[in-house]
*Asks:* 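Supplied in structure tokens, the structure appears directly below.
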Amino acid sequence: MEVAFTLGEALPGPQVTARDVRDATATVAPAFEIVDSRWRGGARTLPMLVADNTNAARAMVGPMVAPSASVDLSKIAATLTIGSRTVPGSAAAVMGDPAEAVAWLARHLLRSGRRLEAGDIVLSGTLCAPTAISAGDHLVADLGELGRIALDVN
């Protein structure tokens, strides 16, 4: 489970900060990233992860909401429920603040002449440890004030 940011403005400067990301964000939403790996148990080394295209398989973004100045994204506690299993999560697990992860990406892209643009949707990184799922599972991610998202795995 992740926080999805939809940018309302580009992030052009080489010194982009988490504050800049929050100011440029039009909406936030709970999201799922479904990972997949060519290797049983997932990639175990950085070269394996790169060869596997960082395990990315699918993403699903939930209902978008306007960010509230009263919500500190770094303090969001989250819960992933898979059937009867519960997996705790925290936005602080994403570089201390999910907006900081987006700022890091913006700075990284700028070094190669690219940038995050208005309208881009960026997933921040996972709020909990990667968790195995199987066909037939029902997943619910609850990100508190950011909302909930549900997925049935077929």
Side-chain angles (χ1 to χ4, degrees), residues 1-11 18 21-106 108-109 114 116-154:
M1 62 185 158
E2 305 195 15
V3 176
F5 291 77
T6 303
L7 298 177
E9 311 172 9
L11 294 172
V21 170
R22 286 189 291 276
D23 290 346
T25 297
T27 62
V28 290
F32 284 124
E33 178 188 6
I34 307 300
V35 299
D36 195 6
S37 180
R38 291 178 181 88
W39 291 276
R40 185 179 185 112
R44 290 182 221 31
T45 65
L46 181 58
M48 288 172 79
L49 189 64
V50 171
D52 208 19
N53 195 24
T54 66
N55 291 336
R58 304 266 190 284
M60 178 180 168
V61 177
M64 296 179 182
V65 297
S68 168
S70 66
V71 175
D72 183 346
L73 293 177
S74 69
K75 301 236 187 290
I76 291 173
T79 303
L80 172 62
T81 304
I82 305 171
S84 62
R85 292 185 292 156
T86 301
V87 180
S90 169
V94 186
M95 297 180 74
D97 179 345
E100 181 55 46
V102 177
W104 177 91
L105 176 62
H108 178 76
L109 289 173
R114 296 173 291 163
L116 293 175
E117 301 287 351
D120 285 350
I121 299 173
V122 181
L123 274 61
S124 65
T126 187
L127 280 63
C128 67
T131 306
I133 59 173
S134 300
D137 283 344
H138 177 73
L139 287 63
V140 177
D142 185 341
L143 276 66
E145 294 181 63
L146 295 188
R148 295 165 53 110
I149 184 172
L151 172 67
D152 289 314
V153 181
N154 297 323

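For this chain, numbers begin at 1 and follow the sequence in order.
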*Asks:* So Val28 and Glu145, do their side chains get closer than 4.5 Å, heavy atoms only?
*Replies:*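 Glu145 does not reach Val28 side chain to side chain.
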
*Asks:* How far does CG of Leu143 sit from CG of Leu80, to the nearest 0.5 angstrom?
*Replies:*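 The CG atom of Leu80 is 9.5 Å from CG of Leu143, to the nearest 0.5 Å.
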
*Asks:* Identify the heavy atoms of Ser124 and Val94 that sit nearest to each other, and give their distance.
*Replies:*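 So the minimum-distance heavy-atom pair works out to O-CG1, 3.2 Å.
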
*Asks:* Given Leu11, which partner from the list Leu105, Thr25, Val21 fulfils the side chain to side chain contact (heavy atoms under 4.5 Å, CB included) test?
*Replies:*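 Output: one option passes, namely Val21.
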
*Asks:* Specify the closest pair of heavy atoms between Gly96 and Ser74, including all atoms of both residues, with the distance to one decimal.
*Replies:*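 That would be O-CB, 3.1 Å.
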
*Asks:* Would you name the heavy atoms of Ala103 and Ala18 that are closest together and state the gap between them?
*Replies:*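 Looking at all heavy atoms of both residues, the shortest contact is CB-N, 3.8 Å.
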
*Asks:* For Gly8 versus Ala118, what's the shortest heavy-atom pair and its separation?
*Replies:*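 Heavy atoms only, the tightest pair is O-CB, 3.5 Å.
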
*Asks:* Rounded to the nearest 0.5 Å, how far does CG of Leu139 lie from CE of Met1?
*Replies:*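 Nearest 0.5 Å value for the CE-CG distance: 10.0 Å.
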
*Asks:* What's the shortest heavy-atom distance between Pro63 and Arg148, and which atoms?
*Replies:*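 For Pro63 versus Arg148, the nearest heavy atoms are CD-O, 3.6 Å.
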
*Asks:* Going by heavy atoms in the side chains, are Ile34 and Ile133 under 4.5 Å from each other?
*Replies:*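 Touching, per the 4.5 Å side-chain cut-off.
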
*Asks:* Can you find a heavy atom in the side chain of Leu73 that is under 4.5 Å from one in the side chain of Phe5?
*Replies:*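 In short, these two side chains touch, coming nearer than 4.5 Å.
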
*Asks:* What heavy-atom pair brings Thr126 and Ala93 nearest, and what distance separates the two atoms?
*Replies:*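 The pair with the smallest heavy-atom distance is O-CB, 4.4 Å.
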
*Asks:* Measure the CG-CD1 distance between Leu116 and Ile121 for me, rounded to the nearest 0.5 Å.
*Replies:*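 So the CG of Leu116 and the CD1 of Ile121 are separated by 12.0 Å.
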
*Asks:* Measuring from atom OG1 of Thr81 to atom CG of Asp137, what distance do you get when rounded to the nearest 0.5 angstrom?
*Replies:*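 Atom-to-atom, Thr81:OG1 and Asp137:CG are 11.5 Å apart.
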
*Asks:* Does any N or O in the side chain of Thr131 come within less than 3.5 Å of the main-chain N or O of Ala129, such that one atom is a donor and the other an acceptor?
*Replies:*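 Confirmed, Thr131 side chain pairs with Ala129 backbone.
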
*Asks:* Taking the side chain as C-beta and beyond, is there a heavy-atom pair between Arg22 and Asp97 under 4.5 Å?
*Replies:*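 Yes - at least one pair of side-chain heavy atoms lies under 4.5 Å apart.
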
*Asks:* By the ring-ring contact (aromatic ring centres under 6.0 Å, His included) test, which pairs, at least two apart or in different chains, include something from residues 60-104?
*Replies:*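 Of all non-adjacent pairs touching residues 60-104, those that pass ring-ring contact (aromatic ring centres under 6.0 Å, His included) are Trp104-His108.
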
*Asks:* Counting N and O atoms only, with roles assigned by atom type, does the side chain of Glu2 sit under 3.5 Å from a partner on the main chain of Gly125, one being a donor and the other an acceptor?
*Replies:*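 Looks like yes, one N/O pair under 3.5 Å.
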
